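The next block holds one structure in the form of structure tokens; read it before the comments.
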Amino acid sequence: MKRLIITIIASLFYLLTSAQTQLERLDNSTARIVVNGKPMLMIGGELGNSSASTPQDVKHAFAHLHKMGLNTVLAPVSWELIEPQEGQFDMSSLDVILTEARRNDLKVVLLWFGAWKNSMSCYAPEWFKRDTKRFPRAHTREGKPVEEASSLSRNVLEADKRAFCKVMEHLRDHDATEQTVIMMQVENEIGMIEVPRDYSADATQMYQSSVPQLLTDYLKRHQKSLHPYLKEKLQPKAKDGASWSELFSDDIYTEEIFQTWTYATYVEQIAKAGRAIYDLPMYVNVALDSRGRKPGEYPSGGPLAHLIDLWHCGAPSIDVLAVDIYDKDIRSWLSKYHLHNNPLFVPEIRLEDKDAMYALYAFGHHDAMGFCPFSIEDYPIYTDLRDNDMSGMDLSQDDQLNIFSAGGSVLSPLAASYQLLRQAEPLIIDRQGTKDMDAVLLDNEQREAEIITPDGIRLTIKHSYSLGWEPGANDAEWPEAACIILRLGEEDYLVIGSGVVITYTDAKGGKTWEKGDARIGLAKCESVYISEDNLHIKRHLNGDQTHQGRHVRIPAGVFDIQHFRLYRY
Ligand code: DGJ
């Protein structure tokens with residue numbers, strides 16, 4: 001009875017509070033999370049799968065992440081831990097996450113490791129795993145059952161949904177005021193592995209039947225904006241009531257489309273039921289179809305970019321298709337998932353120092369909602385420089401002093417980059433979706449890029465090694481460099497990043513001056529830190545630091561924010 005009263009009061013409170021965490025869309029390709037009425041960027045990281053499975057691990061990891069400067073942690077909530085016996089729920093693992101997140105000033109995105117985690121059903125409780133009669137598995141062509149629950153089974157869905165809903169009830173009852181949890185991931189890297197689709201009798205029967213009208217109507221209504229892949233796949237001569245292979249042709253790619261539909265409509269029922277209890281933004285994450293693999297070699301039917309229309313139609317309660325990146329060529333993966341109808345969110349990316357640069361690029365160029373390297377608890381906050389010769393590192397005396405007083409260490413690249421992003425967060429948020437923000441990512445292959453600002457100025461941004469002044473400039477491989485450019489006012493900018501040198505010309509002309517072109521000079525440059533939207537000068541930069549006004553530069557290895565004003569003459 002007492003529990004019931006508490007639940008009713010909590011539900012009423014939840015209904016009456018208007019400042020619910022939500023996803024705010026600036027347009028269909030740009031969105032952000034708004035908590036207590038305040039938009040935020042998820043400057044975050046995802047925990048390794050087993051790193052937060054005990055209270056002591058959570059305590060340790062969250063304290064570390066707080067020190068590293070994150071504002072958001074992505075943490076799994078595991079079905080097997082919250083429902084160890086069928087119908088008996090134990091939310092203590094979730095409570096530890098809430099308590100430690102609050103203690104460490106972190107927001108949380110919960111990952112629902114329910115019926116599937118990376119295609120497999122390994123996080124389902126033992127009672128579920130053992131009862132294959134009630135909770136059937138998917139099958140290969142040969143009829144072999146795989147450790148992947150059937151996406152067509154009502155029993156699987158109901159069991160998974162009930163547990164997920166218990167989590168949402170718990171959050172509603174225990175987190176509606178604090179709003180520690182700001183988003184939910186439904187399942188994890190869903191997708192059929194080994195084969196492109198489930199070949200069980202039920203699945204095959206559905207595959208041979210008409211494509212559901214919900215989908216065919218959607219395809220007609222959205223004809224113009226469909227992903228080019230799906231447009232191409234549609235058979236123009238298919239009649240009403242066509243089967244999957246008639247509508248999309250008979251191949252493994254159509255089997256993938258079918259499998260996608262079963263996952264999307266399944267996920268919709270989980271997400272919809274959860275949101276009816278406690279309406280948090282929700283997303284699904286994708287394992288990529290990279291390296292020339294075919295459906296089934298990669299998890300078939302996941303929330304892949306080329307299948308976005310099936311997910312939009314089948315799972316309207318899902319806000320974002322989010323990309324997990326463990327492959328090379330980050331630029332192309334980010335563009336593939338920052339679409340006219342999908343904002344960019346990177347809930348996982350391989351943990352490496354380069355993420356420091358990728359994060360700047362994702363937030364500055366792609367208006368990312370969040371950026372979260374995987375297994376973030378393993379990342380060191382400091383890099384030990386004691387054994388390095390600092391003389392060639394182009395560090396100011398102050399920097400050297402700071403390193404010395406910190407026992408010979410500097411902030412590791414990702415921690416340094418996150419520190420800048422946290423400072424600039426409100427300024428970035430104000431410029432999301434506008435032309436007053438852009439970013440570049442430079443590397444060994446692409447050593448130069450340009451940004452044309454709304455003031456008609458061309459900023460040519462090169463890798464700082466291109467000057468030949470810094471140690472490493474003669475190395476064959478140049479490390480990644482990146483910066484965000486924020487426009488503060490007329491011809492007035494911030495550069496946030498590392499390893500870049502910026503020159504400025506009139507965008508009307510070419511890169512070199514010709515008669516009639518205005519010349520652009522550096523009026524003022526200073527290294528700054530930002531607090532509460534205000535710039536505070538750390539150092540005035542001129543002379544050698546700006547090459548007597550010819551450029552603005554943040555050397556490689558240094559993470560800085562510089563404020564610079566240009567003028568015409
Ligand atoms: C992607 C998954 O989503 C993560 O949970 C993890 O398994 C990583 N791959 C790799 O370790």
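Ligands are counted one by one from 1 in listed order, and the atoms in each one are counted from 1 as well. Along the sequence shown, the residues carry numbers beginning at 1. All values derive from a computational prediction rather than experimental measurement.
At a cut-off of 3.5 Å, with distance as the only test, a side-chain donor of Glu348 or Tyr326 sits close to an acceptor on the other residue. Using modelled atom types, one finds a donor on one side chain and an acceptor on the other under 3.5 Å when comparing Ser317 with Glu268.
The NE2 atom of His366 sits 4.5 Å away from the CG atom of Leu334 when rounded to the nearest 0.5 Å. Between atom OG1 of residue Thr21 and atom CD of residue Gln179 there is a gap of 3.5 Å, rounded to the nearest 0.5 Å.
Between Phe248 and Trp244, the angle of the ring planes stays under 30°, which puts this pair in the parallel group of the 30/60° scheme.
Tested against Tyr266, the residues Phe164, Trp116, Trp261 include a single ring-ring contact (aromatic ring centres under 6.0 Å, His included) partner, Trp116.
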Output block, N or O contacts of ligand 1, threshold 3.5 Å exclusive:
unit_1, atom_1, unit_2, atom_2, d
ligand 1, 3 (O), Asn188, ND2, 2.8
ligand 1, 3 (O), Glu189, OE2, 3.4
ligand 1, 3 (O), Glu348, OE1, 3.2
ligand 1, 3 (O), Glu348, OE2, 2.6
ligand 1, 5 (O), Asn49, ND2, 2.9
ligand 1, 5 (O), Lys117, NZ, 3.0
ligand 1, 7 (O), Asn49, OD1, 3.4
ligand 1, 7 (O), Lys117, NZ, 2.9

